[in-house]
Protein chains: 2
Amino acid sequence: MIAENILKQYNAQLTQVKKGQVLFNEGDKANYFFQIQTGSVKMVSYSDEGQEFIQGIFGDAESFGEPALLGDFVYPSAAMALKPTSLWRLPKDRFFDLLKENFDIHLALDKALCNRLKYKNLVLSEISFHDPEHRLNTLFKYLKESLLSKNELVLSHHIELPFTRQQLADMSGMRVETAIRTIKRMEEEGKLFIKEGKIHV
Amino acid sequence: MIAENILKQYNAQLTQVKKGQVLFNEGDKANYFFQIQTGSVKMVSYSDEGQEFIQGIFGDAESFGEPALLGDFVYPSAAMALKPTSLWRLPKDRFFDLLKENFDIHLALDKALCNRLKYKNLVLSEISFHDPEHRLNTLFKYLKESLLSKNELVLSHHIELPFTRQQLADMSGMRVETAIRTIKRMEEEGKLFIKEGKIHV
DNA sequence: TACGGTTTATGATTGCGCGCATAAACAAAG
DNA sequence: CTTTGTTTATGCGCGCAATCATAAACCGTA
């Protein structure tokens with residue numbers, strides 16, 4: 001996360017996008033650094049049959065899409081707003097200026113990238129080793145931690161997952177029906193509970 | 001890749017490891033930056049039943065294990081030499097000095113990290129969308145490109161993949177038998193050829 | 001409050017990769 | 001040359017998740 005005063009200093013523009021709006025598509029050239037002010041964005045890969053795999057979901061104060069910028073390749077997946085979102089857009093060359101002149105920010109960015117790598121390692125080994133229940137369990141643990149770290153104030157030790165069954169399935173490489181069935185079973189086994197359709201872990 | 005004179009300048013040590021030697025285990029604290037001089041290293045996650053998932057294979061002049069260093073977390077997977085290997089070891093704090101004082105190197109490191117992310121995105125969507133043949137096909141294409149880019153001199157447009165069926169299976173999340181059967185079928189279909197057991201694509 | 005779209009839910013069927021067993025081919029080491 | 005370990009190869013049966021179909025529940029909104 002880069003402080004807003006720094007972003008402004010390097011000519012970042014604040015723009016508003018609607019729910020469902022596409023920010024870029026797979027194969028597009030990367031020209032901007034994006035950081036969310038408020039809202040939520042998903043990055044997704046699509047199969048030829050239209051199936052989705054959610055590479056990541058990003059929320060308030062998080063940036064996304066930097067790999068294509070830093071690695072100098074076209075976007076390997078698309079980005080779409082999950083709700084009305086306001087985000088900072090910083091042109092590529094100014095972004096590189098910013099990194100060059102702010103070692104601490106550069107390092108913080110690396111940290112974020114490395115955490116993303118760690119997450120992908122996790123999902124990869126889960127998908128290749130384990131059954132749906134184990135995969136969802138691990139995903140839930142990860143999501144819980146990551147949601148807690150963003151939100152200092154927690155009233156209960158339980159937390160509501162703000163994702164649909166479809167999204168959870170698309171993050172862990174399974175079909176909706178499998179996710180639904182597995183989550184139901186986990187509820188029966190007391191491994192989570194469902195309140196008004198929402199999953200609590 | 002960091003030039004050797006720079007590495008020396010920051011007190012990197014050159015060490016030799018034997019085939020099969022473990023450089024660090026999952027859960028170990030990250031204290032060093034590693035860069036291979038010559039040889040080859042794999043990073044692997046293990047399931048409780050001892051199944052392997054190969055997170056990456058690194059060769060001459062490549063570094064590995066930086067995410068744990070930069071992200072400040074314990075290694076999420078282990079590293080093991082695949083052959084006799086000589087490698088540079090640079091203590092953590094000196095590594096950070098190096099980055100701070102060499103923006104171009106820092107950026108090159110980012111580029112490598114981003115390429116790794118791109119690779120993981122690829123494997124993830126392959127594993128969750130496609131059948132073994134498609135997965136191997138994509139993996140082969142990727143490996144071929146990456147081998148070619150390392151080796152300027154190419155005699156034929158075909159290339160021999162220096163990996164066992166087991167390793168290829170462990171990179172694409174399938175069982176050896178499935179990899180073997182699929183590769184055989186791909187040979188029959190003329191999608192690759194096998195010479196002395198080695199796969200050529 | 002009626003309506004279209006999304007999300008959750010559940011049943012029936014099937015195909016494909018896993019897991020296990022066995023063995024041949026090959027390489028490395030003594 | 002023999003031995004031991006690794007890699008490739010192939011058959012067989014099972015189980016589980018994908019797939020297809022259908023419907024209920026829920027939600028925003030016109």
Side-chain angles (χ1 to χ4, degrees), chain A residues 18-20 40 42 47-54 57 80-84 125-137 139 160-188 192-200, chain B residues 18-20 42 47-54 80-84 125-137 139 160-188 192-200:
Chain A
K18 289 181 261 189
K19 175 178 173 172
S40 163
K42 70 173 174 183
S47 77
D48 346 303
E49 294 94 38
Q51 248 239 78
E52 263 188 47
F53 184 86
I54 298 184
I57 292 187
M80 178 190 283
L82 288 172
K83 51 172 101 161
S125 45
E126 279 296 323
I127 289 186
S128 77
F129 294 147
H130 298 296
D131 55 69
E133 172 156 342
H134 196 288
R135 278 147 79 171
L136 286 176
N137 228 332
L139 180 63
E160 180 182 311
L161 295 181
F163 302 104
T164 65
R165 314 283 193 276
Q166 180 71 66
Q167 287 173 332
L168 295 168
D170 289 346
M171 286 187 249
S172 53
M174 61 185 78
R175 309 291 156 247
V176 213
E177 301 94 320
T178 307
I180 289 173
R181 281 187 253 258
T182 307
I183 289 166
K184 272 247 142 171
R185 185 153 25 83
M186 289 168 81
E187 190 199 14
E188 285 157 18
L192 53 81
F193 67 96
I194 299 173
K195 207 170 132 187
E196 288 150 21
K198 295 289 169 191
I199 299 159
H200 294 248
Chain B
K18 290 181 258 185
K19 175 177 174 172
K42 70 172 173 184
S47 76
D48 345 303
E49 294 94 39
Q51 248 241 78
E52 262 188 46
F53 185 86
I54 297 184
M80 178 190 282
L82 288 171
K83 51 172 98 160
S125 45
E126 279 297 322
I127 288 185
S128 78
F129 294 147
H130 298 298
D131 54 68
E133 171 157 344
H134 197 286
R135 278 146 79 172
L136 286 176
N137 228 332
L139 180 64
E160 180 182 313
L161 296 181
F163 302 103
T164 66
R165 313 283 193 273
Q166 181 70 66
Q167 289 173 331
L168 295 168
D170 290 345
M171 285 188 248
S172 54
M174 62 184 78
R175 310 290 155 245
V176 213
E177 301 94 320
T178 306
I180 289 173
R181 281 188 253 257
T182 308
I183 289 166
K184 271 249 142 170
R185 186 154 24 83
M186 289 167 80
E187 190 198 16
E188 284 159 16
L192 53 81
F193 67 95
I194 298 172
K195 206 169 135 188
E196 288 150 22
K198 296 287 169 194
I199 300 159
H200 293 249

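Here is the naming used below: chain letters follow the sequence lines, and residue numbers restart at 1 for every chain. All values derive from a computational prediction rather than experimental measurement.
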With a 4.0 Å cutoff (strictly under), does any side-chain N or O of [X] reach OP1 or OP2 of [N]?
{"X": "Thr178(B)", "N": "dC18(C)", "value": "yes"}
{"X": "Arg181(B)", "N": "dT10(D)", "value": "no"}
{"X": "Lys184(B)", "N": "dT8(D)", "value": "no"}

Original post:
Is it true that Glu160(A) and Lys195(A) have a side-chain N and a carboxylate O under 4.0 angstrom from each other?
Top reply: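 No, Glu160(A) and Lys195(A) are not salt-bridged.
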**OP:** Using side chain to side chain donor-acceptor pair (under 3.5 Å) as the criterion, point out the one residue from Lys42(A), Gln167(A), Gln166(A) that pairs with Glu52(A).
**Re:**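 For Glu52(A), the side chain to side chain donor-acceptor pair (under 3.5 Å) test succeeds with only one of Lys42(A), Gln167(A), Gln166(A), which is Lys42(A).
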**OP:** State which of dT10(C), dA17(D), dT10(D) makes the closest approach to the side chain of Ile180(A).
**Re:**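 When the side chain of Ile180(A) is considered, dT10(C) is the closest of dT10(C), dA17(D), dT10(D).
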Original post:
Out of dA18(D), dG19(C), dT7(D), which nucleotide sits closest to the side chain of Thr164(B)?
Top reply: dT7(D)
Can you measure [X] atom [atom1] to [N] atom [atom2] for me and round it to whole angstrom units?
{"X": "Leu192(A)", "N": "dT8(C)", "atom1": "CG", "atom2": "P", "result": "13 Å"}
{"X": "Asp170(B)", "N": "dT8(D)", "atom1": "CG", "atom2": "P", "result": "12 Å"}
{"X": "Ile199(A)", "N": "dT7(C)", "atom1": "CD1", "atom2": "P", "result": "13 Å"}
{"X": "Ile183(B)", "N": "dT7(D)", "atom1": "CD1", "atom2": "P", "result": "14 Å"}
{"X": "Asp131(B)", "N": "dG15(C)", "atom1": "CG", "atom2": "C1'", "result": "12 Å"}
{"X": "Gln51(B)", "N": "dG17(C)", "atom1": "CD", "atom2": "P", "result": "16 Å"}
{"X": "Ile194(A)", "N": "dT7(C)", "atom1": "CD1", "atom2": "P", "result": "16 Å"}
{"X": "Ile127(B)", "N": "dC18(C)", "atom1": "CD1", "atom2": "P", "result": "10 Å"}

Subject >> salt bridge (charged side-chain N to carboxylate O under 4.0 Å, His left out) partner of Glu133(A), the single match among Lys184(A), Arg181(A), Arg185(A) >> reply: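 Only match with Glu133(A) under salt bridge (charged side-chain N to carboxylate O under 4.0 Å, His left out): Arg185(A).
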**OP:** Please step through salt bridge (charged side-chain N to carboxylate O under 4.0 Å, His left out) for the pair Glu177(A) and Arg165(A), ending with a clear verdict.
**Re:** CA-CA 9 Å; Glu177(A) 301 94 320; Arg165(A) 314 283 193 276; over 6 Å; no
**OP:** Please state whether the base of dT10(C) and the side chain of Arg165(A) form at least one donor-acceptor pair under 3.5 Å?
**Re:** no
Original post:
Within the modelled atom types, does a donor on one side and an acceptor on the other bring the side chain of Glu177(A) and the base of dC20(D) under 3.5 Å apart?
Top reply: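 Yes, a donor-acceptor pair under 3.5 Å.
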**OP:** Give the ring-plane orientation class for Phe53(B) versus Phe129(A), where under 30° counts as parallel, over 60° as perpendicular and anything between as tilted.
**Re:** perpendicular
